[in-house]
Colleague: 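Here it is, the structure, as structure tokens.
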Amino acid sequence: MDFFELEESISNHIKGKFSKYLEEKQLLKPLFIKDNIDLDKYKSNLTVFFDFASFKFDNLSNESQLAKMTLDLYFVRRNDTAEKLKKELCNYISKFYAWFYNDRTLGGIVDFGTIEEINNYDAASGDKGIKISQITITLELEDD
């Protein structure tokens with residue numbers, strides 16, 4: 001399994017397809033970042049950070065195993081009033097949820113995906129003008 005290529009495929013798929021979905025809904029396209037969450041460096045109105053958190057493996061046979069990958073997406077919304085930021089961030093999270101469950105295989109890159117949880121943070125570094133939502137996704141694929 002080429003871990004780098006798998007991560008690139010997943011992040012490129014989400015960037016391309018989710019951006020197109022948002023465009024169809026007439027919503028702002030986020031800035032997608034595969035880097036540390038640095039709120040001083042990245043100050044876009046809407047930023048999505050990718051964090052490929054972990055890989056776990058279960059043997060299926062002597063020749064194959066089930067790989068389970070955890071992907072955390074951090075949606076960061078800023079540069080507006082606290083009330084508007086919270087409402088808009090919830091809208092983007094709802095749109096991502098709908099988009100994801102329309103194709104849980106991410107175009108066939110993985111066998112199956114599940115959103116495990118969504119965590120909302122009302123402030124970052126004590127700044128109520130920054131709202132963050134974390135979406136934790138488990139992606140499964142069989143590795144031969």
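The structure presented is a predicted model; accordingly, all values stated were derived computationally and were not measured.
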Colleague: Just how far is it from atom CG of Leu66 to atom CG of Asp111, taken to the nearest 0.5 Å?
Modeller: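 That separation rounds to 8.0 Å.
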Colleague: Testing the basics here: between Asp122 and Lys128, what is the closest heavy-atom pair and its distance to 0.1 Å?
Modeller: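 Minimum heavy-atom contact is OD2-NZ, 3.5 Å.
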Colleague: Looking only at side chains, do Tyr42 and Asp35 share a donor and an acceptor under 3.5 Å apart?
Modeller: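 Side-chain D/A pair, Tyr42 to Asp35: present.
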Colleague: Give me the atom names and distance for the closest heavy-atom approach of Asp72 to Ala53.
Modeller: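 Closest approach of Asp72 to Ala53: OD2-CB, 3.8 Å.
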Colleague: So, taking the atom named CD1 in Ile37 and the one named CD1 in Ile132, what distance separates them when rounded to the nearest 0.5 Å?
Modeller: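 Ile37 atom CD1 to Ile132 atom CD1 measures 6.5 Å (nearest 0.5 Å).
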Colleague: Kindly work out whether a path of hydrophobic side-chain contacts (I/L/V/M/F/W/Y, heavy atoms less than 4.5 Å apart) joins Leu73 to Phe49.
Modeller: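 Not linked; separate clusters.
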Colleague: Ile115 and Phe112: same hydrophobic cluster, using ILVMFWY side-chain contacts below 4.5 Å?
Modeller: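 Each belongs to a different hydrophobic cluster.
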Colleague: Can you get from Leu71 to Trp99 by hopping between Ile, Leu, Val, Met, Phe, Trp and Tyr side chains that sit under 4.5 Å apart?
Modeller: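 In one cluster: yes.
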Colleague: Please round to the nearest 0.5 Å and tell me the distance separating atom CG of Asp38 and atom OG1 of Thr47.
Modeller: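 If we round to the nearest 0.5 Å, Asp38:CG and Thr47:OG1 are 10.5 Å apart.
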Colleague: What I'd like to find out is whether the side chain of Val110 reaches to under 4.5 Å of the side chain of Glu140, using heavy atoms alone.
Modeller: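 The answer is no, as the side chains (C-beta and beyond) never meet within the 4.5 Å cut-off.
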Colleague: Between Asp80 (side chain only) and Lys84 (backbone N and O only), is there a donor and an acceptor less than 3.5 Å apart?
Modeller: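 No; judged by distance alone, with no hydrogens or angles, the pair does not exist.
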Colleague: I need the Glu88 CD to Ile93 CD1 distance, nearest 0.5 Å.
Modeller: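 One gets 12.5 Å once the value is rounded to the nearest 0.5 Å.
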Colleague: Passes side-chain contact (heavy atoms from CB on, under 4.5 Å), Arg78 versus Lys43? Steps please.
Modeller: CA-CA 8 Å; Arg78 65 191 315 164; Lys43 296 185 179 191; 3.9 Å; yes
Colleague: Which heavy-atom pair separates Lys95 from Tyr21 by the least distance, and what is that distance?
Modeller: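 Smallest interatomic distance, heavy atoms only, reads O-CE2, 3.5 Å.
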Colleague: Go through the structure and list residues passing side-chain contact (heavy atoms from CB on, under 4.5 Å) with Glu7, not counting sequence neighbours.
Modeller: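 side-chain contact (heavy atoms from CB on, under 4.5 Å) list for Glu7, sorted by chain: Lys34, Phe52, Phe55.
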Colleague: Kindly indicate whether the side chain of Ile10, heavy atoms from C-beta on, has any atom under 4.5 Å from the side chain of Leu106.
Modeller: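 Yes, their side chains come closer than 4.5 Å.
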Colleague: Is any side-chain heavy atom of Ile130 closer than 4.5 Å to one of Val76?
Modeller: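 In short, these two side chains touch, coming nearer than 4.5 Å.
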Colleague: Just wondering, more than 12 heavy atoms not from Lys15 lying within 6.0 Å of its NZ?
Modeller: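 Result for NZ/Lys15: enclosed.
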Colleague: List the atom of Leu22, the atom of Pro30, and the distance in Å for their closest heavy-atom pair.
Modeller: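 Minimum heavy-atom separation between Leu22 and Pro30: CD1-CD, 3.5 Å.
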Colleague: For the pair Lys131 (side chain) and Arg77 (backbone), establish whether a donor and an acceptor sit closer than 3.5 Å, ignoring hydrogens and angles.
Modeller: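 No: the side chain of Lys131 does not pair with the backbone of Arg77.
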Colleague: Is the count of non-hydrogen atoms from other residues, nucleotides or ligands lying under 6.0 Å from Tyr97 atom OH greater than 12?
Modeller: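 Counting neighbours around OH of Tyr97, 12 or fewer heavy atoms of other residues, nucleotides or ligands fall under 6.0 Å, so no.
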Colleague: Under a plain distance cut-off of 3.5 Å, with no hydrogens placed, do Glu116 and Thr136 share a side-chain donor-acceptor pair?
Modeller: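 Side chains of Thr136 and Glu116: no pair found under 3.5 Å.
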Colleague: Would you please test Asp103 and Lys17 for side-chain contact (heavy atoms from CB on, under 4.5 Å) and show each step?
Modeller: CA-CA 11 Å; Asp103 177 13; Lys17 300 294 185 179; over 6 Å; no
Colleague: Among Tyr92, Phe96, Phe32, Tyr121, which one satisfies ring pair (Phe, Tyr, Trp, His ring centres under 6.0 Å) with Phe75?
Modeller: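 Among Tyr92, Phe96, Phe32, Tyr121, the one meeting ring pair (Phe, Tyr, Trp, His ring centres under 6.0 Å) with Phe75 is Phe96.
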Colleague: Is it true that a side-chain atom of Ser11 and a backbone atom of Glu8 form a donor plus acceptor pair closer than 3.5 Å?
Modeller: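 Checked: pair present.
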Colleague: Mind checking the NZ-NZ spacing from Lys20 to Lys29? Nearest 0.5 Å is all I need.
Modeller: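 Rounded to the nearest 0.5 Å, the NZ-NZ separation comes to 13.0 Å.
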Colleague: Linking I/L/V/M/F/W/Y whenever any side-chain heavy atoms sit under 4.5 Å apart, do Leu28 and Leu85 land together?
Modeller: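 No, Leu28 does not connect to Leu85 through the hydrophobic network.
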Colleague: Taking it one step at a time, do Leu139 and Thr70 satisfy side-chain contact (heavy atoms from CB on, under 4.5 Å)?
Modeller: CA-CA 6 Å; Leu139 302 169; Thr70 301; over 6 Å; no
Colleague: As an exercise, state the distance from CD1 of Ile137 to CE of Met69, rounded to the nearest 0.5 Å.
Modeller: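 With rounding to 0.5 Å, CD1 (Ile137) is 11.0 Å from CE (Met69).
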Colleague: Any heavy-atom pair between the side chains of Leu6 and Leu141 that's under 4.5 Å?
Modeller: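 They are in side-chain contact.
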Colleague: Would Tyr74 and Phe18 show up in the same hydrophobic cluster when neighbours are defined by side-chain heavy atoms closer than 4.5 Å?
Modeller: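 Different clusters: Tyr74 never reaches Phe18 through Ile, Leu, Val, Met, Phe, Trp or Tyr contacts under 4.5 Å.
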Colleague: Do Phe100 and Ile135 touch side chain to side chain, with heavy atoms closer than 4.5 Å?
Modeller: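 Heavy-atom side-chain distance check fails, nothing below 4.5 Å.
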